[in-house]
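Worksheet for the structure shown next.
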Amino acid sequence: MNTSEREAGQQVVSVDRRQRMGDYETMAVNARMKVHSVLAAAGLEPDEADELVCAMEAGAVAGAHCWVKELPGCAPDAHGTAYGDGWDSAVDRALDVLVSTADSAYRQRGRARVTRSLLIGGEILQNRIASAERAAEAGPSVGEESDRDR
């Protein structure tokens, strides 16, 4: 990754392809949380937010489907007819899996409500931490013993 890509906000991903998929999954979860929080701040109801995010995720899988559907008949000729038939069967199976994945992505609802509860829970935790820090800085209040007095 070059400097201009970093400046554009692109995150660093692993060179290992399996790890890179994990990196993309993590980025997707973080992006989903951010989108849900922005939509919540904009006043969108959780069901509406879920509809939008699920449609985008199903659309992303549909984009992959478009690439894969171009692969039948692209097997290297040097391997023979049986190899080509196997290749095309594998592509058909991959297309079926992508359709199923898009269907599943579109049906996943409830994440907006979960995200909102996580955000609220995080705010509560942050408020408690900040309150405890302020109390520690202020020292013991009237009627409380400090550790030195015990």
Side-chain angles (χ1 to χ4, degrees), residues 1-138 141 147:
M1 178 178 302
N2 61 38
T3 304
S4 64
E5 288 172 332
R6 280 196 194 111
E7 290 171 1
Q10 292 184 356
Q11 297 184 22
V12 177
V13 294
S14 176
V15 294
D16 176 72
R17 62 189 175 117
R18 286 192 173 99
Q19 180 59 45
R20 190 166 56 246
M21 290 308 293
D23 294 342
Y24 289 138
E25 289 169 356
T26 299
M27 289 189 298
V29 168
N30 292 337
R32 185 181 308 119
M33 294 279 290
K34 190 171 197 170
V35 167
H36 278 302
S37 67
V38 168
L39 293 174
L44 219 63
E45 291 297 318
D47 292 340
E48 294 173 297
D50 276 335
E51 176 68 25
L52 287 172
V53 172
C54 289
M56 287 188 306
E57 290 179 350
V61 176
H65 186 276
C66 288
W67 289 359
V68 174
K69 74 180 181 183
E70 300 297 325
L71 296 176
C74 292
D77 291 331
H79 293 290
T81 306
Y83 184 87
D85 292 343
W87 174 283
D88 291 345
S89 294
V91 169
D92 287 342
R93 177 67 183 127
L95 291 171
D96 291 343
V97 169
L98 286 169
V99 169
S100 176
T101 303
D103 290 343
S104 178
Y106 187 71
R107 287 191 305 264
Q108 290 182 6
R109 299 292 193 266
R111 292 185 294 189
R113 291 184 197 284
V114 170
T115 299
R116 288 181 188 196
S117 66
L118 289 172
L119 293 171
I120 290 168
E123 289 173 16
I124 291 169
L125 178 60
Q126 290 300 322
N127 290 340
R128 287 184 181 169
I129 291 170
S131 179
E133 288 172 350
R134 283 192 303 273
E137 289 172 2
S141 60
D147 289 336

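Once rounded to the nearest 0.5 Å, the distance linking CG of Asp96 with NE2 of His65 reads 7.5 Å. Atom CZ of Arg32 sits about 9.5 Å away from atom CE of Met56, to the nearest 0.5 Å. Rounding to the nearest 0.5 Å gives a distance of 9.5 Å between CG of Leu71 and CG of Asp88. Distance check, rounded to the nearest 0.5 Å: CE of Met21 to OG1 of Thr26 gives 11.0 Å.
Val13 has its side chain within reach of Met27: a pair of non-hydrogen atoms, C-beta onward, lies under 4.5 Å apart. Residues Val91 and Leu95 are in side-chain contact: their nearest non-hydrogen atoms beyond the backbone lie under 4.5 Å apart.
A salt bridge (charged side-chain N to carboxylate O under 4.0 Å, His left out) check over residues 101-115, counting only residues at least two apart or in different chains, returns the pairs Asp47-Arg113, Glu51-Arg109, Glu57-Arg111. Listed by first and then second residue, the salt bridge (charged side-chain N to carboxylate O under 4.0 Å, His left out) pairs involving residues 13-27 amount to none (not counting sequence neighbours).
Not a single donor-acceptor pair under 3.5 Å links the side chain of Ser104 to the backbone N or O of Ser100. A donor-acceptor distance shorter than 3.5 angstrom exists from the side chain of Glu48 to the backbone of Glu45, with no hydrogens or angles considered.
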Item to check | Intermediate values then yes/no, side chain to side chain contact (heavy atoms under 4.5 Å, CB included), Val38 and Leu44 | outcome: CA-CA 9 Å; Val38 168; Leu44 219 63; over 6 Å; no

Next on the checklist: The test is side chain to side chain contact (heavy atoms under 4.5 Å, CB included); show your working for Gln108 and Val53 and say whether it passes.
Outcome noted: CA-CA 9 Å; Gln108 290 182 6; Val53 172; over 6 Å; no

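Closest non-hydrogen pair, Ala102 versus Ala58, comes out as O-CB, 3.6 Å.
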For residues 75-83, which side-chain N or O atoms pair as donor and acceptor with protein atoms under 3.5 Å away, sequence neighbours left out?
none

